[in-house]
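Take a look at the structure below.
Just so you know, these numbers use all the heavy atoms, side chains as well, and skip hydrogens, waters and symmetry mates. Every number for a ligand or one of its atoms is a count from 1 in the order of the listing.
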Amino acid sequence: MIYLNGEWMPIEEARIPVLDRGFIFGDGVYEVIPSYSGHPFRLREHLARLQSSLDGIRLANPYTLERWEELVHEIVAKNPWEDQGVYLQVTRGVAPRDHAFPKGVKPTVFIMSNPLTTPQPGLREKGVAAVTVADNRWLRCDIKSVSLLANCLLRQSAADAGAAESVLLRDGMLTEGSASNIFVVRKDIILTPPKTNFILPGITYDVVIELARANGLPLEIRQVSEAEVRDADELWLTSSTKEVLPISTLDGKPVGHGAGAGKPGPMAARMYQLYQDFKRTVMRAPANA
Ligand code: PDD
């Protein structure tokens with residue numbers, strides 16, 4: 001079942017008017033929230049980011065925090081899968097085509113859920129291929145906007161090269177992936193760029209940083225140069241659907257040095273385990289936590 005503007009229905013029955021500004025202009029924002037065994041993960045944080053995205057596009061939040069929480073729990077309960085990826089989207093609504101905001105229009109609210117398939121152990125143990133691509137997106141990458149044309153083109157560059165993700169570089173610095181954040185390990189230090197307008201503030205990124213700090217793993221949040229990315233001991237991508245996934249080749253070259261080159265490193269394995277343990281503690285919490 002999906003949710004559309006106050007109603008529940010099978011996805012096949014859901015209809016959006018062609019003048020929806022989400023369709024015409026990509027004028028909307030979204031979230032992807034993983035849910036494990038009926039427990040939405042970091043729900044408050046996802047809904048806080050939704051609020052920042054709405055503020056970023058100057059769209060009033062159509063629902064209260066409590067209503068959003070209820071809806072996310074409801075969609076998880078209405079769908080059969082053990083682990084789910086809840087997708088929610090808010091657009092500026094339906095209006096005659098004009099770039100400036102329409103007045104008195106109700107936002108469109110759409111929520112769906114899909115089975116969540118996180119990377120299987122085989123893939124994690126092997127790592128994925130990535131390519132570097134120039135980050136040519138706009139300057140508000142901190143807004144989780146449905147205008148994802150640039151991200152789609154960037155991801156397709158990876159797909160064309162038979163790779164899973166593109167690692168984006170802007171002015172000689174690492175930003176993020178086309179649909180993930182990127183972590184670098186060099187000399188046993190975990191490096192990742194700070195939250196600026198150039199990256200999406202990932203919920204998984206925050207969890208990884210918290211876990212590194214809580215477990216005394218050396219971490220530096222600072223600009224990371226292209227040279228550091230290319231000379232990394234380890235590269236990981238993080239996202240709600242991919243969790244912590246090692247990158248084993250970059251532009252066709254093995255990531256890392258010596259005997260471990262081209263193979264996921266020990267820090268990735270450690271962080272993956274910490275992430276799984278953390279998830280398990282969340283799953284033991286009450287369903288409305
Ligand atoms: N994408 N950066 C970008 C550009 C993203 O699209 C995503 C997530 C992330 C990671 O954020 P989080 O850890 O909160 O999932 C970083 C989602 C999963 C998507 O578009 O499907």
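- Heavy-atom minimum distance, Glu176 versus Ile182: C-CG1, 3.6 Å.
- The shortest N/O to N/O separation between Tyr30 and ligand 1 falls below 3.5 Å.
- For a threshold of 3.5 Å applied to N or O pairs, the pair formed by Ser240 and ligand 1 contains at least one separation below that value.
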Apply ring-ring contact (aromatic ring centres under 6.0 Å, His included) to residues Tyr205 and Phe183 and explain how you reach the verdict. CA-CA 9 Å; Tyr205 164 104; Phe183 286 77; 5.7 Å; yes
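- Annotation for ligand 1: atoms under 4.0 Å from non-hydrogen atoms of Glu176 are 2 (N), 3 (C), 4 (C), 16 (C).
- Protein heavy atom in closest approach to atom 6 (O) of ligand 1: Ala179 CA, 3.4 Å.
- Within the 4.0 Å heavy-atom shell around ligand 1 one does not find Gly85.
- Of all heavy-atom pairs spanning Met283 and Tyr36, the tightest one is SD-CB, 3.3 Å.
- Geometrically, ligand 1 and Lys144 share a nitrogen or oxygen pair separated by less than 3.5 Å.
- Listed here is the closest heavy atom pair of His46 and Pro34: NE2-CD, 3.8 Å.
- Remark: ligand 1 and Leu200 share no N or O pair separated by less than 3.5 Å (distance only, no angle test).
- Against a heavy-atom cut-off of under 4.0 Å, Ser178 is close to the following atoms of ligand 1: 4 (C).
- The proximity of Asn151 to ligand 1, defined as any non-hydrogen pair under 4.0 Å, is limited to the side chain.
- The backbone N or O of Leu211 lies less than 3.5 Å from a partner atom in the side chain of Asn215, making a donor-acceptor pair.
- Within ligand 1, counting atoms from 1 as listed, the ones closer than 4.0 Å to a heavy atom of Gly202 are 11 (O), 12 (P), 13 (O), 14 (O).
- Of all the heavy atoms in Gly127 and Pro264, the pair that sits closest is N-CG, 3.7 Å.
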Please assess Ile33 against Ile203 for the test side-chain contact (heavy atoms from CB on, under 4.5 Å), listing each intermediate value before the final yes or no. CA-CA 9 Å; Ile33 309 169; Ile203 304 298; over 6 Å; no
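- The OG1 atom of Thr249 lies 8.5 Å from the NZ atom of Lys126; values are rounded to the nearest 0.5 Å.
- Residue-to-ligand polar distances keep His46 apart from ligand 1: every N/O pair is separated by 3.5 Å or more.
- Partner Asp206 forms a salt bridge (charged side-chain N to carboxylate O under 4.0 Å, His left out) with one of Arg213, Arg42, Lys195 and no other, that one being Lys195.
- Among protein heavy atoms, atom 10 (C) of ligand 1 sits closest to Asn181 OD1, 3.6 Å.
- Residue Met173 is not grouped with residue Val184 when hydrophobic side chains (ILVMFWY) are merged at heavy-atom distances under 4.5 angstrom, including chains of intermediate members.
- Using a 4.0 Å cut-off between heavy atoms, Cys141 makes no contact with ligand 1 at all.
- Within the structure, the closest approach of Arg49 to ligand 1 falls below 4.0 Å when heavy atoms are considered.
- With a heavy-atom cut-off of 4.0 Å, Val32 touches ligand 1 through its side chain alone.
- Annotation: atom 13 (O) of ligand 1 to nearest protein heavy atom, Thr204 OG1, 2.6 Å.
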